[in-house]
Structure formats: structure tokens, C-alpha cells
Amino acid sequence: MNENRNFNEDFEIEQAGPEDVGCDLFEYEITPEGTYVPKIAYTSDPEEEKLLKKPIRRWGRAWMKWMEAEYPADVDILVCECRWQIIPREIDIEAEERFNELDEIYRKDHPRPTEFNAIRKWEKERLMTLEHQVMEEIVYKLRE
């Protein structure tokens, strides 16, 4: 009889929400399966919260791929420090700004031609030059 009572108490606790059990250490959210899980923020910094709402784009993905290939142990550290999802977004912003700066400089130093084949060649050289420089200056850097 006593075992049956414990089973029912356990069952009621599992069905109860966190406030019914006395767990007020965290905010909780209910999952689609109906279970309560603690709602844990990735960061408390509002600037980083804004960054996390943006997608990781080209330059950030390139940095992540480079980090996984060259510094896999550092990737684990960045994940534990909750920086792995923030740094690529910072890199995207920084790299895009630098790309635009370099593009202005390149266009001043190398005017765009008017002939079709020359334009194709110029565009290809411009992109390759700018992308290479952005990768070297910003993406291929170890971040903390």
C-alpha cells in the first residue's frame, strides 16, 4: 500500500509544473511534448542578444569552418564559454564593413572597363582580390 502511494506522488510531481514542485530557481518553458525545461539565456548582454537574432552568414561560416579545421580544441572552449555562436556574427559585421571599404579603394585604383570581356575579367579579379584580403585580415584570425 505504501509503494502505491509513492508511485502516485511521483506521478503527480511529474505532471505538475515547476511552480507546483517548488522549483523557482529558473524560468521554465513548456516543450511541444508537454514537459517543463529551464529557460536558460545564452548570454545576459543585450548587444549579444541582438547579434544572436541575426543569421550566421558567409564570413562567419568561413571562420567556423576554419576554426574546426585548424583549432578544434579551441572550438570546444568557445562553446563552453558561450562565444561560439556570437563570434561568427561579429565577424560577419566586421568583414562586410571591411569588404565595402576595400571595394571603394579598389574601384578608385582600378576603374571599371567598358568592354564586355574586360568587365568580366575585372569583376572576377576584383572579387578574388577583395575576398582574399578580407579572409586574411579578418576571417583567418583566432578570436577569444
Side-chain angles (χ1 to χ4, degrees), residues 1-110 112-113 116-117 119-144:
M1 192 69 116
N2 195 13
E3 284 182 31
N4 195 14
R5 196 175 121 234
N6 288 338
F7 173 76
N8 287 336
E9 286 176 4
D10 291 343
F11 181 74
E12 289 172 11
I13 288 173
E14 286 179 16
Q15 297 302 314
E19 63 281 346
D20 299 327
V21 182
C23 298
D24 58 353
L25 297 174
F26 298 107
E27 268 187 52
Y28 288 83
E29 61 187 4
I30 192 162
T31 65
E33 294 82 27
T35 57
Y36 286 91
V37 294
K39 188 176 181 181
I40 301 171
Y42 193 77
T43 180
S44 59
D45 183 5
E47 288 296 317
E48 290 178 351
E49 281 292 329
K50 281 174 53 179
L51 274 177
L52 287 170
K53 291 179 182 172
K54 296 179 180 181
I56 298 173
R57 295 188 318 263
R58 175 185 182 189
W59 305 109
R61 284 194 313 267
W63 176 81
M64 292 174 89
K65 188 175 180 180
W66 175 75
M67 284 293 293
E68 288 169 343
E70 299 295 325
Y71 300 97
D74 289 349
V75 169
D76 294 337
I77 293 168
L78 291 171
V79 168
C80 289
E81 292 175 346
C82 296
R83 301 280 304 143
W84 182 244
Q85 294 296 319
I86 294 170
I87 293 173
R89 290 168 170 91
E90 293 171 341
I91 288 172
D92 278 330
I93 293 167
E94 189 179 336
E96 195 64 36
E97 289 172 0
R98 184 65 179 143
F99 183 89
N100 292 335
E101 290 171 12
L102 292 171
D103 192 29
E104 282 183 36
I105 295 168
Y106 189 90
R107 288 174 186 272
K108 285 179 187 172
D109 294 345
H110 305 88
R112 188 171 196 238
F116 178 75
N117 286 331
I119 292 172
R120 286 182 49 211
K121 181 181 176 190
W122 180 87
E123 285 289 342
K124 190 177 213 177
E125 287 176 2
R126 180 183 67 87
L127 283 176
M128 288 180 66
T129 302
L130 299 179
E131 288 171 359
H132 175 75
Q133 199 163 350
V134 168
M135 293 294 276
E136 290 295 322
E137 289 180 15
I138 296 172
V139 176
Y140 294 150
K141 299 277 187 227
L142 190 59
R143 310 283 175 119
E144 294 179 14

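FYI, side chains are in, hydrogens and waters are out, and symmetry mates aren't considered; it's all heavy atoms of this structure. Computed from a predicted structure; not experimentally measured.
- Taking the side-chain contact (heavy atoms from CB on, under 4.5 Å) definition, one finds that Glu125 meets it with Tyr106, Lys121, sequence neighbours left out.
- For the side chain to side chain donor-acceptor pair (under 3.5 Å) test, residues two or more places apart in sequence or in another chain that qualify with Glu33 are Thr31.
- Side-chain contact between Arg98 and Gln133 is present, with heavy atoms from C-beta onward closer than 4.5 Å.
- In this structure, His132 NE2 and Tyr140 OH are separated by 9.0 Å, a value rounded to the nearest 0.5 Å.
- Atom-to-atom distance recorded for Asp76:CG and Trp84:CH2 is 9.5 Å, nearest 0.5 angstrom.
- Under the 4.5 Å side-chain criterion, counting only non-hydrogen atoms from C-beta, Asp74 is not in contact with Arg143.
- Taking Asn117 as the reference, Glu115, Arg120 meet the side-chain contact (heavy atoms from CB on, under 4.5 Å) condition, with sequence neighbours excluded.
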Please tabulate, one pair per line, all N/O donor-acceptor pairs under 3.5 Å involving side-chain atoms of residues 55-73, not counting sequence neighbours.
residue	atom	partner	partner atom	Å
Arg58	NH1	Glu131	OE2	3.2
Arg58	NH2	Glu131	OE1	3.3
Arg58	NH2	Glu131	OE2	3.0
Arg61	NH1	Ile56	O	3.1
Trp63	NE1	Lys141	O	3.1

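- Between His110 and Thr129 the shortest side-chain heavy-atom distance does not fall below 4.5 Å.
- Between Leu127 and Phe99 there is a side-chain heavy-atom pair separated by less than 4.5 Å.
- A salt bridge is absent between Glu104 and Arg107; no separation between the charged side-chain nitrogens and carboxylate oxygens falls under 4.0 Å.
- Taking CG of Asp103 as the reference point, atom CD of Glu96 lies at 10.0 Å (rounded to 0.5 Å).
- Identified under the salt bridge (Lys or Arg N to Asp or Glu O under 4.0 Å) test for residues 78-90, with sequence neighbours left out: Glu48-Arg83, Arg83-Glu90.
- When the side-chain contact (heavy atoms from CB on, under 4.5 Å) test is applied to Ile93, the partners found at least two apart in sequence or on another chain are Leu51, Lys54, Glu97.
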